[in-house]
Amino acid sequence: MFDFFKKKKNEEVTEEVEETLQDEQVTDEEQDTVVTATEQKTGENTVDALEETKNIVPADESAEDNVSEDIQTEAVAEDDVPAEKEKGFFARLKEGLTKTRNSINESFNQLFSGFSSIDEDFYDELEETLIMADLGLDTTERIIDNLKDMVKKNHIKEVEACRELVINIIKDQMLVEDSAYDFENQKTVMLIIGVNGVGKTTSIGKLAAQYKNRGKRVMMCAADTFRAAAIDQLKTWANRAGVEIISQQEGSDPAAVTFDAVKAAVARDVDILLVDTAGRLHNKKNLMDELAKMKRIIEKEDPDAHLETLIVLDGSTGQNALEQARQFSNVTKIDGIILTKLDGTAKGGIAIAIQSELSVPVKYIGVGEHIDDLQKFDPESYVNALFADMDTRSDVEILIPDER
């Protein structure tokens, strides 16, 4: 069903992804130049050359004692915006998802008021509604199948009863295991990956500040040595958060910087080491080779540390973000997702599609620029914010079967 619709949707997503790939990638000539320069500098034996290239950049003394004024300002918002201080994360999340919620609510209201019986036409219309909300084709079909199963088992006849069922099915698909955040209480090296422009550097800075405020010893590693100004941007965040950063010059071997950072983290008894990586996409073989090399160094130099790989995705890009995650997951193991820029987007449903289709949990979401606008992902709060103000009341008692 909806073959033409699905084909058109896929074509649009493919074109969008290809444009992103083209925009994000450096040219082969640029890449070869960087790689050649790096090889000449470090030689084949990277590890032996690393000791001579160490450059540890400590934060200012004032920043070591307290989180900087910039971070404090971001954490509590400016004095001239007192309302922001009273606004909790759920309120900001709900506000950020307004466009998505309005779109879904309008479609749902039309759908559930336009049908008097649960038939194939109803399911077809629901399928189109969910797809248009950026839940994705596979996720939508899974929701429809589960809904049909529950309707049959519970002998449901009223269309309105399906509204709450759909919401509960979505919540079930987005559950995050309790152990998903165990790494925060272990010695951990966090490898942060993703394309340029998705908010990698900002996410690292926010996480570093939050971890330090919780009493963790935190360090950053500027291993994105290919993008201009990437190192300086990360240094700025390190200074704001009051944490140390390990860096080298632009164009250096990312594995060399990683080696320095891991050694320094072990020596300084660091709890969490946040490693920034190049944002060029995975279809560049050199990038994947670099990631593999960095992982080998981390595992060799600190075998007792937990290695956590998180991919940062721009939630406002919808299906493009899903495609990026899918292709990255084809070449490297991903432990979780940081979904950014959900404030003001009409594509908030993509969080449901990403977690459902990839079986990779969304662990953090961002809904603004303040330091506390990046938080752990709570599926219950997210779905409630997504469907807030929707009337899900029904006089029908719904019995959810144990086996779904």
Side-chain angles (χ1 to χ4, degrees), residues 24 26 34 38 50 53-64 67-75 188-213 216-265 268 270-280 287 290-291 293-295 297-298 307-314 338 340-341 364 366 369-371 373-374:
E24 297 292 348
V26 296
V34 173
T38 301
L50 300 176
T53 57
K54 291 183 179 178
N55 179 20
I56 302 177
V57 182
D60 295 339
E61 292 181 2
S62 58
E64 280 293 335
V67 178
S68 72
E69 293 182 0
D70 289 337
I71 288 295
Q72 291 180 27
T73 300
E74 289 180 327
T188 297
V189 178
M190 296 177 64
L191 201 60
I192 310 298
I193 64 177
V195 303
N196 291 333
V198 295
K200 267 204 296 43
T201 304
T202 302
S203 296
I204 291 173
K206 291 178 178 180
L207 287 174
Q210 291 181 18
Y211 289 147
K212 184 180 178 183
N213 286 342
K216 304 289 185 181
R217 290 185 61 88
V218 185
M219 180 179 287
M220 293 183 186
C221 171
D224 181 359
T225 59
F226 290 94
R227 182 173 66 88
I231 298 174
D232 290 338
Q233 289 174 5
L234 200 64
K235 284 181 179 179
T236 299
W237 271 104
N239 198 48
R240 286 176 177 176
V243 303
E244 285 186 323
I245 179 172
I246 308 300
S247 68
Q248 293 183 17
Q249 294 181 346
E250 183 180 332
S252 300
D253 184 354
V257 188
T258 303
F259 176 87
D260 286 347
V262 175
K263 297 291 284 187
R268 290 163 175 72
V270 167
D271 296 312
I272 297 179
L273 172 63
L274 293 153
V275 182
D276 191 14
T277 63
R280 288 175 296 120
L287 176 59
E290 288 161 9
L291 289 177
K293 188 176 182 181
M294 292 164 69
K295 285 187 174 182
I297 287 177
I298 294 169
L307 177 57
E308 183 82 4
T309 302
L310 302 181
I311 182 171
V312 182
L313 300 172
D314 181 346
I338 301 175
T340 65
K341 306 182 184 181
Y364 299 93
E369 296 300 324
H370 297 109
I371 198 69
D373 284 339
L374 181 71

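Predicted model, so just to flag it, every value in this text is computed and none were measured. When reading the values below, keep in mind they use all heavy atoms of this one structure, side chains included, and skip hydrogens, waters and symmetry mates.
- In this structure, L207 and Y364 have side chains that are in contact, with non-hydrogen atoms separated by less than 4.5 Å.
- Contact between A265 and M219 at its shortest, heavy atoms only, is N-SD, 4.0 Å.
- Residues Q248 and T225 fail the side-chain proximity criterion, which asks for heavy atoms closer than 4.5 Å.
- With S247 contributing its side chain and C221 its backbone, the two residues share no donor-acceptor pair below 3.5 Å.
- A distance of 10.5 Å separates CZ of R240 from NZ of K206, quoted to the nearest 0.5 Å.
- Between D224 and I231, the shortest heavy-atom contact is O-CG1, 3.9 Å.
- The minimum heavy-atom distance linking V275 with A223 is given by the pair CG1-CB, 3.9 Å.
- The CG atom of D253 lies 9.0 Å from the CE atom of M294; values are rounded to the nearest 0.5 Å.
- The backbone N or O of G199 lies less than 3.5 Å from no partner atom in the side chain of T202, so there is not a single donor-acceptor pair.
- Side-chain atoms of K200 never come within 3.5 Å of backbone atoms of D276 as a donor-acceptor pair (strictly under, hydrogens ignored).
- Within the 4.5 Å cutoff, no side-chain heavy atoms of V198 are placed close to those of I338.
- Separation of atoms CG (L234) and CD1 (I246) is listed at 11.0 Å; rounding is to 0.5 Å.
- One distance of note links OG1 of T340 with CG of L313; it measures 7.5 Å at 0.5 Å rounding.
- Looking at E244, its side chain never comes within 3.5 Å of a backbone N or O of R268 through a donor-acceptor pair.
- Formation of a donor-acceptor pair under 3.5 Å by the N239 side chain with backbone atoms of K235 is not found in this model.
- The side-chain heavy atoms of S203 and I192, taken from C-beta on, include no pair separated by under 4.5 Å.
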Practice problem: Evaluate side-chain contact (heavy atoms from CB on, under 4.5 Å) for R227 paired with T201, printing each intermediate quantity in order. | Solution: CA-CA 12 Å; R227 182 173 66 88; T201 304; 3.6 Å; yes
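- Between E250 and A229, the closest heavy-atom pair is OE1-N, 4.4 Å.
- For D373 (side chain) and G366 (main-chain N/O), no donor-acceptor pair under 3.5 Å exists by modelled atom type.
- Shortest non-hydrogen contact noted between K212 and G242 is NZ-O, 2.6 Å.
- Taken to the nearest 0.5 Å, the CG atom of L374 stands 5.5 Å off from the CD atom of Q210.
- Considering every non-hydrogen atom in both G205 and I371, the closest pair reads O-CD1, 4.2 Å.
- The backbone N or O of I272 lies less than 3.5 Å from no partner atom in the side chain of T188, so there is not a single donor-acceptor pair.
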